[in-house]
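Take a look at the structure set out below.
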Number of protein chains: 2
Amino acid sequence: MMVAEPRPVAVELNAVLVALIGDEPQVLTLENGALLPSGPFESDHPTLQAGVRAWVEHQTHHPLGYVEQLYTFADRYRESTLGYRIVSISYLGLTRERAAAGQHELGWQSFYRYFPWEDWREGPPKILTRTVLPRLKSWVEAASDDAKRRRQQRVEGNFDVSSWNEELALQRYELLYEAGLVPEASRPRDAIVDPVPGEPMRYDHRRILATGIARLRAKIKYRPVVFELMPPDFTLGQLQRAVEALAGRLLHKQNFRRLVEQQWLVEETGAMTADTGGRPAKLYRFRREIVLERAVAGSKLPLARA
Amino acid sequence: MMVAEPRPVAVELNAVLVALIGDEPQVLTLENGALLPSGPFESDHPTLQAGVRAWVEHQTHHPLGYVEQLYTFADRYRESTLGYRIVSISYLGLTRERAAAGQHELGWQSFYRYFPWEDWREGPPKILTRTVLPRLKSWVEAASDDAKRRRQQRVEGNFDVSSWNEELALQRYELLYEAGLVPEASRPRDAIVDPVPGEPMRYDHRRILATGIARLRAKIKYRPVVFELMPPDFTLGQLQRAVEALAGRLLHKQNFRRLVEQQWLVEETGAMTADTGGRPAKLYRFRREIVLERAVAGSKLPLARA
DNA sequence: TATATTAATGCTAATTGTGAGCATAAGAGA
DNA sequence: TCTCTTATGCTCACAATTAGCATTAATATA
């Protein structure tokens, strides 16, 4: 309980750097999509966040709109070759423009390359109904009694097609991991014979990515973070497609507009654009003041009157 | 961007360990309330969470009901005497019983000893209206033009008495820190002359505590974590007072009951208790199954139909 | 033994928020 | 001109939440 001298470990930073390219949500990777960008924590930065920001901006030559800490892992298998324990601190970063690719096989990959069952924009993904769910079902059946009931409830709670909750992306990945349905779950000896579709990543980078996606999906609902991914001027249609890309779900157009407008998130620029295909759309810009004006929403308690 | 060999740093763990004693929300501290319990991260634990759990349970001899990571700090001033950079990972822990005090001046302290402006159970705290708000107002006035308007909006957004949001506890503390109204904000040379009421802590422990309180206040609204702080059997009145203690606000009794019941969070034990003073109350217990049955709530997007 | 007091509970009117969809407008291109 | 596509306005039904009133059942006390 006392503050003894802690043992040295090595600290590394991981970044889930997100951008929207076309209507696809993408993440910056290296080694052909197998790794998230990571680097050592340099001691010459005043704070972790400043370190991440400087490091990403130096590498990509683009400003980072928004940075948020995701999680710190120190699982035992994370050991460097020198015998240090590795603690890795991961961050979510949102950027507006395409970062300079080229070096170290830097490249953007769609979220849904890694989590194909998470993209419901064209209805329930075939991969989910045809492959993932049946495999999970077998996993449930493989247990008995209490364990079976518990597995059953977890699958129902996280994968229920009739009440899909896009925020549970991390929990779904973790469940697939536990069920031994993703390659990352393999022990050195026995590989996963027939994993579920979806590109794997090295180490636990796919878990970190799932953490970032889940956090982002939750956050877009109560904080105006989508705008960090948008160009300065945009149409409401573009904005809607951006949210849809992140959430992996289609939204009701009129209700979406009502929501955005009544929250005073945007203002008209006065200009219009005609290259959306149909009727020209008004251009809007984000009202940055809103961030200061209203702190957060969050859900509510049944308060008593004064 | 490459995975270079990171530099060694020391990792320490901090815990915000919460219990309800009487109707007061309390936190475990040492050194007479000046520090949160902290310790080194021992390398013989498989995960960080396991490390925290083992360490707290060893020290307090009581099981930890719930553990959640709060945040990882590595600000530059956190340097050990040996020259290592210190990374500190903080956790929120909920416990049902009074931990064994005694050693190292371990003791429980009310949340509101540190944040007296956060307890609205008896209406707007005098300290807030008489001291904190006027001091913030001076701080706003001290700036000019744009800076002044920004300060104004931040104070309004976080401290507005007519739309108090209990979840903003951390942001309020940080604002007071920035405004130089808490002793922790003092540079070595010039101490804060007349800080706002509220007990300070050493290092950034009060900020960590604020992080824990804010997280807990947000979480009780969408996950059944209060039960980790309750005895096995309880009345709905007790449950309500527990939530009120954490949120620092009074709730509407009938609506609170409706909420709890319609969410199937509890079930009657069949027994009654008569020591509540008035009419005897039914005893309830938490339905643990619910955790598996329903994943989470979260807020909503205006989805389109299938 | 009345009588005030404290809780627990049941019920409902009023308001606000959300879901779903019809209808119309305004351009591009065949 | 007709058709297609997207943008935009508006409304109705229903669900959820807020704020109370009213009643019941015990204990404490005059």
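Side chains included, hydrogens not; waters and symmetry mates left out as well; all remaining heavy atoms used. Because the structure is predicted, anything quoted here is derived from the model rather than measured. Order of the sequence lines sets the chain letters (A, B, ...), proteins ahead of strands, with each chain counted from 1.
A donor and an acceptor atom, one from each side chain of A/Q262 and A/R258, are nowhere located under 3.5 Å apart.
Going from atom CZ of A/F256 over to atom C1' of C/dG19 covers 16 Å, rounded to whole Å. Per the geometry, CG belonging to A/L301 stands 15 Å off C1' belonging to D/dA16, to the nearest Å. Taking atom NZ on B/K221 and atom C1' on D/dT17, their separation rounds to 15 Å, with Å as the unit. The CD atom of A/Q240 sits 12 Å away from the C1' atom of D/dT8 (whole-angstrom rounding). Taking atom CD of A/Q254 as the reference point, atom P of D/dC12 lies 16 Å away to the nearest angstrom. Protein atom CZ of A/R258 is 11 Å distant from nucleotide atom P of C/dA20, rounded to whole Å. With rounding to whole Å, A/L283 atom CG is found 17 Å from D/dT6 atom P. Between A/R249 atom CZ and C/dG19 atom P the separation is 11 Å, expressed in whole Å.
The six-membered or imidazole ring of A/F234 lies near that of A/F227, with a centre-to-centre distance under 6.0 Å.
Atom CG in A/L216 sits 12.5 Å away from atom OG1 in A/T211 (nearest 0.5 Å).
Base contact: B/K253 has a heavy atom under 4.0 Å from a base atom.
Geometric assessment of A/R172 against the ring of A/W164 yields a positive cation-pi assignment under the 6.0 Å and 45° thresholds.
Residues A/L236 and B/H252 each lie close to DNA chain D; by heavy-atom proximity, the contact nearer the 5' end of the strand is made by A/L236. Of the two residues contacting DNA chain C, namely B/M272 and A/N255, the nearest-nucleotide position lying further toward the 5' end is that of B/M272. Closest-nucleotide positions on DNA chain C for A/P280 and B/G237 were compared, and the one nearer the 5' end corresponds to B/G237.
The phosphate of D/dT27 has neither OP1 nor OP2 within less than 4.0 Å of any side-chain N or O from B/R279.
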